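Here's the structure we're looking at; comments come further down.
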Amino acid sequence: MDINALREKQILTAAEVIRHDDVDFTQPEIIAGADVGFEQGGEITRAAIALLSYPSLELIEYQVARINTTMPYIPGFLSFREYPALLAAWEKLTRLPDLLFVDGHGISHPRRLGVASHFGLLVDRPTIGVAKRRLCGRFEPLPPDPGAKAPLMDKGENIGWVWRSKLRCNPLFISTGHRVSMDSALYWVQQCMRGYRLPEPTRWADAVASNRTIFQRWQQGRDSEPDFFVLR
DNA sequence: GCGACAG
DNA sequence: ATCTTGTCGC
């Protein structure tokens, strides 16, 4: 792989990213979350996409894809490592979401093409980048208050938001992926919060990808009588 | 040259 | 990201 060629490709591709609200999702019906993980020491890349109804935010479908890893992790080039698996999971979906939250950055990237933007372009859907750590840019220290927000700035440009979604938790880095404005990106993430650090679509994608207990319970509830599964 | 560096 | 137990705090 030629990193310099990929860098040039990113610069050209970034010019195609749409940073405003291109479609009207006043009343989205389905919002999805996408997450990627690795198995066998990184040999296998596993992508999970979870579809949630909106505004009830209930899991209605999920798809998982496992493929051989094609590239190592290189900061700034994450999308080339993750998009093949994401595309495989995407193609398994029986219906498509109106909006997709991708783990990682959108335009808050050195060349403005994080995985959320790159994948959004590939599938031509509105996407939002929801990252847990900073990749580039600077921001003022955040007050401890939940809801505290600061602009993420890079080279004089506001490339995203640093937002404390929950008290005593590290902030989230939210940015435009594709076909969504910066303000809408933050707005929709906020609409999908249910008391945890991560928005529900992202949380479910993570739960599915990592087979967490919350997802296992959901699976059991599917082929059993829901009424007999009153946990807690 | 040195440090930073999504997942 | 992943490998992993106990543990600190709400």
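Naming: A, B, ... by sequence-line order, numbering from 1 per chain. Computed from a predicted structure; not experimentally measured.
- Within the 4.0 angstrom heavy-atom criterion, only backbone atoms of the sugar-phosphate kind lie near A/G37; the bases stay farther away.
- For A/F38 and B/dA6, the CZ to C1' distance is 11 Å, given to the nearest whole Å.
- A/L113 is listed as a side-chain neighbour of A/L121, based on a closest heavy-atom distance under 4.5 Å.
- Between A/R134 and B/dC5 there is a side-chain N or O to OP1 or OP2 distance below 4.0 Å.
- Taking atom CD1 of residue A/I67 and atom P of nucleotide C/dA1, one finds them 18 Å apart after rounding to whole Å.
- No engagement by A/E39 is indicated, since no non-hydrogen atom pair under 4.0 Å with the nucleic acid exists.
- The CG-C1' distance, from A/L86 to B/dG7, rounds to 11 Å in whole Å.
- Toward the 5' end of DNA chain C, the nearer of the two residues A/D206 and A/R168, judged by each one's closest nucleotide, is A/D206.
- Rounded to an integer number of Å, the gap from A/H105 NE2 to B/dA6 C1' is 6 Å.
- Residue A/R138 places its CZ atom among 12 or fewer non-hydrogen atoms of other residues, nucleotides or ligands, all under 6.0 Å distant.
- Comparing B/dA6, B/dG7, C/dT2 by their nearest atom to the side chain of A/R46 picks out C/dT2.
- Taking the side chain as every heavy atom from C-beta outward, A/D24 and A/Q27 never approach each other to under 4.5 Å.
- In this structure, A/L172 places its CG atom 15 Å from P of B/dA6, rounding to the nearest Å.
- Formation of a donor-acceptor pair under 3.5 Å by the A/S165 side chain with backbone atoms of A/L198 is not found in this model.
- Looking at heavy-atom distances under 4.0 Å, A/F80 makes no contact with the nucleic acid at all.
- In this structure, A/R138 places its CZ atom 13 Å from P of B/dA4, rounding to the nearest Å.
- The residue A/G129 sits apart from the nucleic acid: no heavy atom pair falls under 4.0 Å.
- Remark: ring of A/Y73 overlaps the six-membered base ring of B/dG7 in a stacked fashion, centroids less than 5.5 Å apart, planes less than 30° apart.
- Following rounding to the nearest Å, A/N170 (CG) and B/dA6 (P) show an atom-to-atom distance of 14 Å.
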Take A/W204 and A/F101 through the test side chain to side chain contact (heavy atoms under 4.5 Å, CB included) and record every step on the way to the result.
-> CA-CA 11 Å; A/W204 275 105; A/F101 293 2; over 6 Å; no
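- A/L152 places its CG atom 18 Å from the P atom of B/dA4, with the value rounded to the nearest Å.
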